[in-house]
Amino acid sequence: MAKNYDHKKIEAKWQREWEKAEIYKTKEDKDKKKCYVLDMFPYPSGEGLHVGHPKGYIATDVYSRFKKMSGFNILHPMGWDAFGLPAEQYAIKNKIHPRVAVEKNVARFKEQLSIIGLNYDWEREINTTDTKYYKWTQWIFLKLLEKGLAYESYEPINWCPSCQTGLANEDLDGSACERCGTTVEKKPMRQWVLRITDYADRLLEDLDVLDWPDSIKELQRNWIGRSEGALIKFKVKSQKSKVTNDEFEVFTTRPDTLFGATYCVMAPEHALLDEWKDSIENWDDIEEYREEMKKKTEIERTAEGKEKTGVRLAGVTAINPANQEELPVFIADYVLAQYGTGAIMAVPAHDTRDYEFAKKFGLPIREVISPRPLASYLSTSSEGETERGCVKKASAENSPHPDLPSKEREEDGRTKIQCPYIGDGALINSGTFSGMSSPEAKKAVTEFVGGEMKTTYKLREWVFSRQRYWGEPIPIVHCERCGAVPVPEKDLPVKLPDVDSYEPSGTGESPLANIHDWVNVKCPKCRGEAKRETNTMPQWAGSSWYYLRYIDPRNQNELVSKEKEKYWSSVDMYVGGAEHATRHLIYARFWHKFLFDIGAVNYDEPFAKLQSVGLIMAEDGRKMSKRWGNVINPDDIVETYGADTLRMYEMFMGPFDQSSAWSTESIIGPRRFLEKIWRIFSKVKSKKEKEKSTTENEKLEILFNQTIKRVSENIEDFKFNTAVSGMMIFLNELEKEENIERGMFEGFLKLLTPFAPHIAEELWHEAGNDTFIYNEPWPKHDDAKIIEDMMTIAVQVNGKLRATFEIEGDASEEEVKRKALEQKEMTKWVGENIPKKVIYVKNKLVSIVV
RNA sequence: GCCCGGGUGGUGUAAUUGGUAGCCACGAGGGACUUAAAAUCCCUUGCCCUCAUACGGCGUGCCGGUUCAAGUCCGGCCCCGGGCACCA
């Protein structure tokens with residue numbers, strides 16, 4: 001055996017051997033339990049991997065090796081999410097076909113991954129740009145269309161003038177294009193849209209059953225943004241034309257404040273405005289305001305601290321259905337056309353935005369909610385407990401409101417009020433509803449005015465078309481007679497044709513529009529002249545179902561064999577970045593639920609368990625990027641320290657889901673750990689001695705069992721840093737032995753295998769084994785051997801640690817307490833005093849109070 | 001502004017979920033081996049007081065509370081990171 005640990009030789013050798021023996025090939029033994037471990041597949045960019053990318057892949061590798069050795073059939077595949085703008089832009093810049101660029105980048109990525117020694121089953125490799133793959137992406141689109149979940153829309157959408165394409169709400173970073181940072185415009189254009197909001201409720205509710213980090217679930221909840229409210233109709237009165245049967249509808253989450261409405265506001269884009277044109281006396285002003293708004297960017301409209309603007313509709317009033325009061329109506333851009341009904345009732349006393357607007361325009365502010373239930377100062381029950389909720393109106397109506405802090409009141413000429421109080425409370429000044437609590441009043445008031453309860457969402461429909469080349473063609477043919485006709489399933493895939501230039505046409509059309517041979521086709525329905533849809537799908541399409549393809553990667557007859565899917569689904573462990581919370585992870589859940597509904601899959605959630613990876617930052621604390629010149633390349637680390645050291649270090653850096661900075665200094669720690677294992681091997685007893693060797697060192701035996709338990713539990717919990725630390729602690733003890741028992745050392749090698757498979761394999765063979773350690777069973781700890789004979793008891797006096805002592809593990813409470821009081825330190829701290837209290841915490845400490 | 005995380009030695013972090021704060025690792029200091037260096041091995045390493053590794057005191061962002069006992073629970077703040085943002 002070589003004297004020094006030569007990682008290069010060892011790693012190359014075993015990677016070769018493993019490949020030859022095909023040990024990572026997925027087994028389909030249906031009698032065994034399965035474990036599907038999945039990474040978010042990468043986008044193969046031209047830059048290659050930096051040292052941060054493999055962190056998640058190493059974790060799934062550790063986890064799946066552990067599961068495999070624990071007796072599971074594992075599925076741990078890898079593939080490429082290769083459609084999308086970066087590849088296209090790379091192609092434009094370098095004047096090569098995106099397909100060629102992707103091939104090149106994939107080869108580079110694969111090489112970088114392979115030297116890390118990951119246990120992927122490459123026979124199941126997939127690529128979203130493969131025609132055999134995207135045939136099924138197109139198939140899913142056709143199914144969505146068939147079920148009415150895909151439709152053409154002409155609504156204004158987000159348009160990135162730099163990327164020359166429409167974008168979904170999810171693709172924005174604030175109001176800028178997430179890719180290039182350009183501020184997006186609203187542009188009306190024809191586009192394909194998916195009705196994701198039909199699934200909003202299920203996407204929200206089913207989060208409860210998922211074993212995902214709470215933070216990710218919360219991000220999705222906020223993104224879906226469900227709010228319960230009411231739709232209430234307001235009749236419109238016009239001075240000029242006397243038309244009184246017009247009405248408009250508002251959405252509010254606070255119908256309980258209806259009596260406090262002092263005006264109404266409609267979004268400038270509201271469609272009813274045009275219908276009312278003749279009734280509105282200052283139509284010119286209205287048009288002017290609307291023009292102004294159109295010119296403004298989203299940023300300008302929503303800038304922080306921006307003063308509210310708006311114009312009153314002269315000659316038009318709304319009737320408050322609760323008290324028949326006539327209210328002025330405004331248009332203002334603080335009301336969004338896309339949300340709710342695009343119109344609101346304004347209650348300045350109880351809404352911050354309405355309050356600001358009312359202050360600026362000198363509108364009345366009427367308080368209708370008292371912060372605390374009135375009962376708190378009007379009456380208390382016999383127990384002295386506050387009676388919550390309902391209070392009789394007679395007493396409430398005339399009460400002053402001592403709950404409002406007087407210093408915060410201000411004069412506005414009409415009402416004295418606190419800055420808007422937006423919480424729940426008791427109704428006041430609300431006719432027969434005064435005294436009722438807010439939650440009760442919500443339903444009651446809504447019913448009273450004939451409104452209906454309604455749920456709305458912030459989630460918008462998924463804008464699904466892109467005016468770019470490098471994506472899946474949307475399988476539609478436009479026929480003048482038949483309209484948008486789906487391409488028949490048998491004609492799938494609609495292959496992306498080659499073009500001379502991948503640049504967008506600049507007209508808002510995809511470059512595909514210029515490929516006449518491809519565009520002009522016969523209508524599948526009437527055989528007449530027709531044109532293909534030239535928009536392509538967004539980058540997120542292929543990744544919305546790829547995890548199903550790994551289960552059955554070469555199937556050309558159906559999306560996935562239901563039998564295979566039944567066995568392998570759902571993904572048991574999904575690992576990736578938290579940045580995908582509101583895009584990929586929502587889109588994939590949406591598609592999966594749809595596929596479940598049409599009977600294509602057996603389960604209705606794709607990813608049962610999710611773990612997020614924390615980023616690895618550069619040493620300077622910034623993100624690793626070519627731009628900052630702070631990128632660390634995994635190839636260099638593998639070359640200098642070895643793949644095993646890289647793997648160990650990335651797992652040891654800190655909590656897995658936390659981001660941490662790469663440290664050139666610290667990586668030496670894990671390397672030294674591996675070298676120490678290498679050196680220690682010379683002290684391992686030879687095979688002959690194995691039989692007669694019994695456990696000579698009981699303490700070590702206990703530590704070994706504790707280590708097995710700890711490492712197993714930590715891997716299961718994704719606490720790799722403490723698993724590594726546990727192995728280090730064990731090794732530090734093992735090192736002190738003159739002779740190391742072979743069985744124990746081999747057990748330790750098994751614990752090491754998921755983290756450092758190459759060195760573990762080498763030493764396993766050096767020890768005289770001819771199997772692969774990957775195929776060995778995971779060690780089990782012995783419960784009887786993790787309890788120590790002696791325990792250390794801490795003694796506290798008045799909460800301060802004053803002594804510790806050792807005692808037999810089975811000592812009784814009495815014995816422990818007595819021995820605690822006998823400690824010599826106690827003469828000083830307890831002395832002649834008689835302890836008031838002596839508390840014994842089993843196996844831990846004695847706390848004495850004097 | 002709202003919603004999530006997080007704040008512990010010089011650094012990355014650990015702490016059986018209320019029970020001896022600082023495990024493991026890096027760095028630093030000292031020593032051994034060596035002609036020398038690297039590597040390796042041994043010792044020290046939260047802060048203050050101290051000749052002391054004696055006796056003590058302080059200490060987990062800040063202030064207060066609950067408890068025999070708080071890094072951990074409760075209330076109020078201050079910073080840092082992420083997400084959302086005129087969503088009625």
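Numbers restart at 1 for each chain; the letters A, B, ... are given by sequence-line order, proteins then strands.
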So, [X] side chain and [Y] main chain: donor-acceptor pair closer than 3.5 Å or not?
X         : Y         : value
Lys683(A) : Glu735(A) : yes
Tyr263(A) : Asp354(A) : yes
Asn798(A) : Val850(A) : yes

Give the rounded distance in Å between these two atoms: [atom1] of [X] and [atom2] of [N].
X         : N      : atom1 : atom2 : value
Arg802(A) : G56(B) : CZ    : C1'   : 9 Å
Asn843(A) : U16(B) : CG    : C1'   : 11 Å
Gln658(A) : U8(B)  : CD    : C1'   : 12 Å
Lys454(A) : A88(B) : NZ    : C1'   : 14 Å

In Watson-Crick or G-U wobble terms, both distances under 3.5 Å, what is the partner of [N]?
N      : value
U53(B) : none
G12(B) : C24(B)
U40(B) : A32(B)
C77(B) : G61(B)
U67(B) : none

Any idea which of [options] is nearest the [X] side chain?
X         : options                : answer
Lys828(A) : U20(B), G56(B), C24(B) : G56(B)
Thr722(A) : A88(B), A15(B), G27(B) : A15(B)
Glu675(A) : U20(B), U40(B), G83(B) : U40(B)
Met728(A) : C4(B), A14(B), A25(B)  : A25(B)
Phe652(A) : U20(B), C24(B), C86(B) : C24(B)
Glu735(A) : A88(B), A25(B), C41(B) : C41(B)
Tyr334(A) : C86(B), C84(B), G56(B) : C86(B)
Ile839(A) : C55(B), G19(B), U20(B) : G19(B)
Ser660(A) : A88(B), G12(B), C58(B) : G12(B)
Arg679(A) : U16(B), A88(B), C41(B) : C41(B)

Checking all strands, does Thr792(A) fall into the base, sugar-phosphate, or nothing category for heavy-atom contacts under 4.0 angstrom?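 Result for Thr792(A) = base.
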Would G9(B) be called syn or anti, given that syn covers angles within 90° of 0?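 Judged by the O4'-C1' to base torsion, G9(B) sits in syn, the angle falling within 90° of 0.
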With syn defined as a glycosidic torsion within 90 degrees of 0 and anti otherwise, which applies to U66(B)?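 That one's anti.
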Given the P atoms of G5(B) and C58(B), what is the spacing between them in whole Å?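 It comes out at 34 Å once rounded to the nearest Å.
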What's the gap between G12(B) and G46(B) when it is taken at their C1' atoms, as a whole Å value?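 Straight-line distance between the two C1' atoms is 16 Å.
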Can we call the ring centroids of Phe730(A) and Phe704(A) under 6.0 Å apart?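 Ring-ring flag for Phe730(A)/Phe704(A): true, centres closer than 6.0 Å.
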Please evaluate the base of C68(B) for a donor-acceptor partner in the side chain of Lys836(A) within a cut-off of under 3.5 Å?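 Between C68(B) and Lys836(A), which were checked side chain against base, a qualifying N/O pair under 3.5 Å is absent.
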What about Ser847(A): does its side chain form a donor-acceptor pair under 3.5 Å with the base of C68(B)?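 Checked by distance alone, the answer is yes.
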With a 4.0 Å cut-off, would you call Arg254(A) and Asp256(A) a salt bridge?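 Answer for the salt bridge query: yes.
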Would you please say whether a donor-acceptor pair under 3.5 Å links the side chains of Gln220(A) and Arg589(A)?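 Present: a donor and an acceptor within the cut-off.
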Strictly below 4.0 Å: does [X] bring a side-chain N or O up to OP1 or OP2 of [N]?
X         : N      : answer
Asn721(A) : A14(B) : yes
Lys736(A) : C41(B) : no
Trp223(A) : A85(B) : no
Arg672(A) : G27(B) : yes

Report the relative orientation of the aromatic rings in Phe330(A) and Phe361(A); use parallel for angles under 30°, tilted for 30 to 60°, perpendicular for over 60°.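 Correct class here is perpendicular.
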